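Whatever order the structure lists ligands and atoms in, that order sets their numbers, starting from 1. Nothing here was measured: the structure is a model prediction, and the numbers come from that model.
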Amino acid sequence: MFLSNVSLFDFRNYAELDLTLERSATVFFGGNAQGKTNLLEAVALTALTRSPRTQQAAELVRFGQPAARVTCGVQTETDRDELEVRVMLSPTAAGARASRRFTVNGIPRRSSDMIGSLRVVLFWPDDLQLIKGSGEGRRRFLNTLLAQLDAGHARELNRYGHLLEQRNALLRAIRDGRQPLDELEVWTTALAESGAAIMVERQRRLLELQPIAAAFHRELSDDRERLELRYRPAGARIGEAPQELVTEQLKAAMRDARDEEIGRGQTVVGPQRDDVEVWLDDHEARLFASQGQQRSAVLSLKLAELHYLAEVTGEQPVLLLDDVMSELDPARRERLLAALEPGPQAMITAADLNDLPRSILERAAVFRVEQGTVHA
Ligand SMILES: Nc1ncnc2c1ncn2[C@@H]1O[C@H](COP(=O)(O)OP(=O)(O)OP(=O)(O)O)[C@@H](O)[C@H]1O
Ligand SMILES: [Mg+2]
């Protein structure tokens with residue numbers, strides 16, 4: 001699988017762009033605020049069906065325009081698929097509302113049926129917060145990886161999100177006396193069942209990812225540090241528990257937290273509160289890791305993501321590297337580069353070509369990005 005071309009129409013600061021990509025590496029360089037990240041964001045949006053940098057799809061539409069469109073041509077062994085995302089604005093009293101539409105070869109698809117058609121690993125400066133930042137970043141890391149591996153999981157995540165919204169609305173209605181308490185049970189059960197399915201899958205995948213990440217980290221730390229990923233499901237003790245047991249644990253946890261949940265109008269247990277702890281030797285990295293240790297741990301996680309996606313699917317994902325080379329010291333940069341040989345197709349951005357090693361520049365197509373245009 002490789003990304004053969006990208007077309008943009010009124011996406012962020014691009015009015016119109018048609019870009020053909022190399023099978024190996026393509027480098028995009030240019031000054032600040034010219035559109036380098038926007039371009040990688042467009043590819044990630046198509047692959048993941050949502051932007052990795054905003055929840056507000058309306059921001060993706062070029063200022064003053066009614067709609068944005070991104071089209072990615074994906075070449076597989078036998079076929080060429082055209083994946084398209086449209087973001088359309090409709091004015092409402094409270095400002096513009098955005099809706100997203102997905103098509104594959106012109107046929108409408110649900111987001112969960114498009115995800116996985118183009119698999120990407122995005123590595124960008126925000127990821128350096130993966131260790132010290134909030135659990136949300138680590139959950140997104142998991143969701144991105146798992147949804148790309150399995151459309152069923154992507155559907156379950158969507159379903160869970162909808163159920164959660166409805167249950168939270170009900171909790172607020174009960175708090176305000178607009179609904180009776182006995183409405184809650186059926187939503188608790190539905191949410192617990194969906195949540196348990198997600199948790200069991202997270203646990204299984206993390207157990208497979210763990211040794212891969214640990215091996216990269218061992219190498220990056222010259223055999224000195226042992227990295228461990230510990231899944232912390234919120235409201236259940238997974239271990240080797242079967243799914244039905246996890247469902248029961250979640251239901252019990254929601255029952256125990258009932259007064260708090262009604263008071264806050266929010267569900268306080270379940271996968272939306274999960275975390276993954278990263279441990280280095282016997283210490284939690286979030287609390288104790290140095291800058292350098294964090295960088296190595298993040299790089300290990302990203303390389304593991306790349307490796308695991310390739311291993312499970314039998315195909316290399318597309319690597320999107322936004323401005324990270326300048327953030328890494330020479331040794332870590334070398335390790336990242338090693339992953340590119342013979343490796344995956346890559347789109348690499350840099351403000352300055354001097355930030356990129358010669359070995360990449362020699363074999364990459366190089367484009368300059370300038371005010372929403374791309375020149376050879
Ligand atoms: N919806 C939009 N319509 C028009 N322009 C936008 C929109 N959203 C963002 N922009 C503009 O796009 C420009 C380029 O953004 P981008 O993040 O791609 O820059 P960059 O080339 O990656 O810069 P840097 O090197 O600083 O990371 C910014 O000036 C931003 O204001
Ligand atoms: Mg940028």
Side-chain angles (χ1 to χ4, degrees), residues 3 5-19 21 25-72 84-92 94-101 120-130 133 137 140 144 295 298 302 318-328 333 336 346-357 360-361 364-376:
L3 181 59
N5 67 287
V6 181
S7 302
L8 307 181
F9 190 78
D10 284 341
F11 179 85
R12 297 271 192 194
N13 69 331
Y14 289 87
E16 206 170 350
L17 176 76
D18 271 304
L19 189 68
L21 289 166
T26 310
V27 166
F28 301 92
F29 77 103
N32 296 134
Q34 301 302 309
K36 302 181 299 295
T37 300
N38 292 347
L39 183 54
L40 266 51
E41 181 186 29
V43 175
L45 167 73
T46 313
L48 307 173
T49 69
R50 42 182 87 240
S51 162
R53 72 167 164 181
T54 179
Q55 307 257 34
Q56 309 303 325
E59 291 171 16
L60 304 173
V61 179
R62 193 159 73 96
F63 298 148
Q65 302 304 314
R69 188 176 75 222
V70 180
T71 314
C72 288
E84 191 165 278
V85 181
R86 284 169 190 261
V87 181
M88 285 155 298
L89 299 184
S90 40
T92 67
R97 224 184 52 107
S99 58
R100 296 167 303 154
R101 292 276 179 281
V120 298
V121 171
L122 171 65
F123 188 13
W124 63 343
D126 278 20
D127 287 322
L128 297 171
Q129 296 302 314
L130 207 51
R140 193 175 321 123
T144 303
R295 274 158 206 257
V298 169
K302 285 285 140 183
V318 179
L319 185 56
L320 306 174
L321 294 179
D322 188 29
D323 223 0
V324 283
M325 290 294 180
S326 61
E327 301 277 346
L328 298 176
R333 202 183 290 188
L336 181 54
M347 294 175 77
I348 303 167
T349 73
D352 188 334
L353 281 182
N354 292 321
D355 291 337
L356 296 178
I360 285 195
L361 293 173
V366 178
F367 293 102
R368 175 197 285 276
V369 180
E370 211 173 355
Q371 293 188 7
T373 58
V374 175
H375 314 278

Quick check for you: to the nearest 0.5 Å, what is the distance between [X] atom [atom1] and [Y] atom [atom2]?
X	Y	atom1	atom2	result
Leu21	Asn5	CG	CG	7.5 Å
Ile360	Ile348	CD1	CD1	3.5 Å
Met347	Asp322	CE	CG	10.0 Å

Take atom 31 (O) of ligand 1 and look for protein heavy atoms under 4.0 Å from it; say yes if you find one, no if not.
no

Mark whether atom 2 (C) of ligand 1 lies under 4.0 angstrom from at least one protein heavy atom.
yes

Please determine whether any non-hydrogen atom of [X] lies less than 4.0 Å from an atom of ligand 1.
X	result
Val369	no
Glu370	no
Gly30	no

Using a strict threshold of under 4.0 Å (side-chain N to carboxylate O), is an ion pair present between Arg295 and Glu327?
yes

Crowding at CZ, Arg368 (>12 non-hydrogen neighbours, <6.0 Å):
no

Evaluate whether atom CD of Gln65 has more than 12 neighbouring non-hydrogen atoms of other residues, nucleotides or ligands under 6.0 angstrom away.
yes

With no hydrogens and no angle check, just 3.5 Å: does a side-chain donor-acceptor pair link Asp323 and Thr349?
no

Can you give me the closest heavy-atom contact between Leu45 and Ser51, atom names plus distance?
CD1-N, 3.7 Å

Between Ala42 and Leu8 the two heavy atoms that sit nearest each other are CB-CD2, 3.5 Å

Does only the side chain of Leu39 get under 4.0 Å from ligand 1, or the backbone, or both, or neither? Count heavy atoms.
neither

Contact region, Glu59 to ligand 1, non-hydrogen atoms below 4.0 Å, reads backbone

Using distance alone, decide if ligand 1 has a nitrogen or oxygen within less than 3.5 Å of any nitrogen or oxygen in [X].
X	value
Ala351	no
Asn32	yes
Gly35	yes

Looking only at atom types and distance, does a side-chain atom of [X] sit under 3.5 Å from a main-chain N or O of [Y], one as donor and one as acceptor?
X	Y	value
Arg86	Ala67	no
Gln34	Asn32	yes
Lys36	Gly31	yes

Which residue and non-hydrogen atom of the protein lie closest to [atom], and at what distance in Å?
atom	result
atom 17 (O) of ligand 1	Arg53 NH2, 3.2 Å
atom 11 (C) of ligand 1	Asn13 CB, 4.0 Å
atom 29 (O) of ligand 1	Ala33 CB, 3.4 Å
atom 9 (C) of ligand 1	Arg12 CD, 3.7 Å
atom 25 (O) of ligand 1	Lys36 NZ, 2.7 Å

For Asn38, counting its heavy atoms only, list the atoms of ligand 1 lying under 4.0 Å from any of them.
12 (O), 13 (C), 14 (C), 15 (O), 16 (P), 17 (O), 18 (O)

If you count the atoms of ligand 1 from 1 in the order shown, which ones are under 4.0 Å from a heavy atom of Gln34?
14 (C), 19 (O), 20 (P), 21 (O)

Option of least heavy-atom distance to atom 22 (O) of ligand 1 (set: Thr54, Val61, Thr37):
Thr37

Are any N, O or S atoms from Thr37 nearer to the Mg ion (ligand 2) than 2.8 Å?
yes

